[in-house]
Student: 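Take this structure first; my questions come after.
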Amino acid sequence: MIQPSIYFTPGPSQLYPTVPRHIQSAFDNNLLSLSHRSSQFSDIYKHTEESLRKLLDIPNRHRIFFLASATEAMERIVQNSARKHTYHVVIGAFSERISKISNQLGKQITTIEAEHGTNVDFQDIIIPTQTELITVVHNETSTGVITDLNHVYQLKKENPKALLSLDVVSSIPHAHIDFKYIDFTFFSVQKGFGLPAGLGVVIVSPKAFDVSRTLQTNTYSTGSYHSWKELAKYAQKYQTSETPNVLAIYLLGQVAQDMYRLGIENIREQTMIKAQYLYNHISQTEGLTPFVSDTNLQSPTVITVRNAEPDKLQTKLSQHGYEIGSGYGSFQTSQVRIANFPAHTIYDVKQLCHTLTKISTE
Ligand SMILES: *Cc1c(COP(=O)(O)O)cnc(C)c1O
């Protein structure tokens, strides 16, 4: 029998190993026929919320809301935080996306940009006084560049009046966030959590929640069914305003619990070990070079690699049972990307590296 491929793609990615078992139990217990107004659904919702709080150290006063995707979170964050002025740190396609969304929603945007493969110098950032929202990406999935969280916390300390949003889509649950400095933290589940796509999560600080209320009392539109106010109205009953993706909410709770039991510190340590292994191996393999040359900026969870013939490399790896990601956008013809998430074992990583060596000498 042919083994199914292992997905080292940056998202969707390899499913976390316990997912099939939890999907089976969702079927066995008929969870997918439940009404989203039933007490059984509220129990699932509550379990997922509590598991996330425990796993990620989310303070009780921060609210957790379920959305459709991380992209939706970007739009909701802008709608619920800014009347007019937003500021964006843009280091690649995903950090650019939220600035474009803000622009499309009619805001006046200011950006600071870095060349792809690098990050901005946070000391160069000057936030205009009228700024209501600042957005930063923790891990830029399109380029494989990571942002030092201490720079992000410092930015908030220096600009306490503006709300700060942090995109952690491809760094969570590896990232250990200090939520006291972050007003909006958001992610979707098909990357680090190793779940099927179709769910976004946003974590909102008490201050950010109050700002949204002030905007509303000033008859400013913060959106409809997914404004923070509407989301909170249902969340306090452990419900959602619309009929949600029940399976995704259930699976997130189960996998968050699995990861907590295994020990999140353990998982984080393993991620660093695997990242080190991958970067070392790539630097030593003919025809492959890390795209991000500054080692302080190299993402542990999304490794971008320069290669002259990425299509050929991907096809060959595929024949050996490994799927890796293409370069993003214009990098499609010069790069590949390799994800390093909790679903990827050290064994898988070593086998992948072994195969890369074999292929490069063929
Ligand atoms: C994948 C990704 C997104 C978009 O996530 P969706 O679930 O497709 O909306 C946003 N930001 C980053 C950093 C990502 O990697």
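Atoms within a ligand are numbered from 1 in the order they appear, just like the ligands themselves. As the structure is a computational prediction, the values presented were derived from the model and not from experiment. Below, each value reflects all heavy atoms present in this structure, side chains not excepted, and no hydrogens, waters or symmetry copies.
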Student: Does the N or O separation between K191 and ligand 1 drop below 3.5 Å for any pair?
Tutor: yes
Student: Out of the candidates R53, K46, H47, only one should pair with E49 under the side-chain hydrogen bond (donor to acceptor under 3.5 Å, both in side chains) rule; please name it.
Tutor: R53
Student: Are L278 and I146 linked, directly or through intermediate hydrophobic residues, by side-chain heavy-atom contacts shorter than 4.5 Å (ILVMFWY only)?
Tutor: no
Student: Within a strict 4.5 Å, meaning less than it, do heavy atoms of the N245 and F66 side chains meet?
Tutor: no
Student: Between L195 and Y16, is there a side-chain heavy-atom distance shorter than 4.5 Å?
Tutor: no
Student: Mind checking the CG-CD spacing from N29 to Q24? Nearest 0.5 Å is all I need.
Tutor: 10.0 Å
Student: Select one of side chain, backbone, both or neither to describe which atoms of T71 lie under 4.0 Å from any atom of ligand 1, heavy atoms only.
Tutor: both
Student: Taking only heavy atoms of N139 into account, list the atoms of ligand 1 that are under 4.0 Å away from them.
Tutor: 13 (C)
Student: What protein heavy atom is closest to atom 11 (N) of ligand 1, reported as residue, atom name and distance in Å?
Tutor: D167 OD2, 2.7 Å
Student: Heavy-atom distance under 4.5 Å between the side chains of T147 and I91, does that happen here?
Tutor: yes
Student: Going by distance only, is there an N or O of A70 that falls short of 3.5 Å from an N or O of ligand 1?
Tutor: yes
Student: So is there a nitrogen or oxygen of E72 less than 3.5 Å from a nitrogen or oxygen in ligand 1?
Tutor: no
Student: S188 heavy atoms, cut-off 4.0 Å: which ligand 1 atoms fall inside?
Tutor: 5 (O), 6 (P), 7 (O)
Student: Identify, by atom number and element, the atoms of ligand 1 in contact range of T141, meaning under 4.0 Å from any of its heavy atoms.
Tutor: 12 (C), 13 (C), 14 (C), 15 (O)
Student: Quick one: look at E140 and ligand 1, take heavy-atom pairs under 4.0 Å, and tell me if it's side chain, backbone, both or neither.
Tutor: neither
Student: Quick one: does T86's side chain get under 4.5 Å of S99's, heavy atoms only?
Tutor: no
Student: Please classify the Q190 to ligand 1 contact at 4.0 Å (heavy-atom distances, strictly less than): side chain, backbone, both or neither.
Tutor: side chain
Student: Decide whether the shortest distance between a heavy atom of R97 and an atom of ligand 1 is less than 4.0 Å.
Tutor: yes
Student: Compare all side-chain heavy atoms of V201 with those of F186 and state whether any distance is below 4.5 angstrom.
Tutor: no
